[in-house]
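Heads up, the thing below is written out as structure tokens.
Proteins get letters first, then strands, A, B, ... in listed order; numbering begins at 1 in each.
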Amino acid sequence: MHAAGGPLPLRELADVTDCSSRQLQRDFDDVLGVSPREYGASVRAMNARHTLRSADSITDAIYSAGYGSVRAFYEKASRRLGMTPSDFAAGAPQHLQIRSSTESAVCHLTCVAGPRGICLLLHSNADQSTPEGDELRIREEFPHAIIERDDRAMRDVMRALCLIAEGKLAPELPVDVTGTAFQTRVWAALREIPFGETRTYADIAEEIGEPAAIRAVGSACGANRVPLTIPCHRVIRSDGTLGGFAWGLEVKEDLLAAESSPLRRQ
DNA sequence: ACTGTCTGTGCTT
DNA sequence: AAGCACAGACAGT
């Protein structure tokens, strides 16, 4: 489907992968958490991001991305862009984001936020190099945005992030992240986990109505660009082991220990 | 436990 | 109106 740039008939996929169409449906659901058709729709939407950049007109881009009509594009894909197609086609030059960095008691934090909320949160400690790596990661995520450092505007946000990083109760922060339909559902479920509690990957899968998509929940947690604010550290495995965490298992362990200790609550 | 067939339902074109 | 994908039920391995 990536080669084709969009969804493929189920029969065709089944022939290529040499398994039955029913089995393919089940495998997609188990591993990816979405149906083959839905996955293809995401591929096509991603494809549209590229054609929008290169085509002469929005309409051309929409058709060459494989949509049958302009209407279909606006219904299915335009929400994923996070801006109007014409803004996106122009490279979103006017999109302004602010960033700030601070030292928490535990680690160095760098946060990038747009008008609607936090869109990226990076962490580093003494072992790892900081500024260049962060810069690269930010550029990778937002290649066309204007990003300015503004510590004053971010002061309250950074303060709240420090609290969470230390395992203390903090005000909820607005987030502005885009993902697949499935990721969005997982991230929303993660934000429902109360401070001081944990859930298993299976719990989350159950909660979003995809009880089989346990591994997919794990991937969605891994794809979380704003740890702490979307508390993926509160998800552990059913057997009690920690599972994974982008910032390292030690950090995850410390966070959970601090959050569950009543003495350190505020 | 895993797999394929059959089938009713609902969405898309 | 026709075709297709989806997902539950069921039976065979």
- Query: Once you round it to whole Å, what is the distance between C1' of dA1(B) and CG of Asp27(A)?
  - Reply: 14 Å

- Message: If I take atom CG in residue Leu13(A) and atom P in nucleotide dC6(C), what distance separates them, rounded to the nearest angstrom?
- Response: 10 Å

- Separation of dT13(B) C1' from Arg37(A) CZ (nearest whole Å): 10 Å

- Over all atoms of both residues, closest heavy-atom pair of Phe245(A) and Cys232(A): CE1-SG, 3.7 Å

- Under a 4.0 Å heavy-atom criterion, the protein footprint on nucleotides 7-12 of chain C, written with B, S and -, is BB----

- Task: Provide, to the nearest angstrom, the distance between the CG atom belonging to Leu10(A) and the P atom belonging to dC11(B).
- Result: 18 Å

- Could you check whether the rings of Tyr39(A) and Phe28(A) sit parallel, tilted or perpendicular, using 30° and 60° as the cut-offs? perpendicular

- Item | Rounded distance in Å - OH (Tyr39(A)) to P (dC6(C)) | 14 Å

- Message: Minimum heavy-atom separation for Lys252(A) and Gly243(A), please, with both atom names.
- Response: NZ-C, 4.4 Å

- What integer distance in Å separates Gln23(A):CD from dA1(B):P? 15 Å

- Query: How many angstroms lie between CD in Gln25(A) and CG in Leu10(A), if you round to the nearest 0.5 Å?
  - Reply: 5.0 Å

- Is the closest side-chain heavy-atom distance between Ile236(A) and Leu256(A) below 4.5 Å? yes

- Side-chain contact test, heavy atoms from C-beta onward, threshold under 4.5 Å: evaluate it for Glu38(A) versus Phe182(A) and give yes or no. no

- Item | Glu250(A) atom CD: more than 12 heavy-atom contacts under 6.0 Å | no

- Got more than 12 heavy atoms from elsewhere within 6.0 Å of CZ, Arg215(A)? no

Give every pair of a protein N or O atom and an N or O atom of nucleotides 7-10 of chain B that lie under 3.5 Å apart, one pair per line with the distance.
none

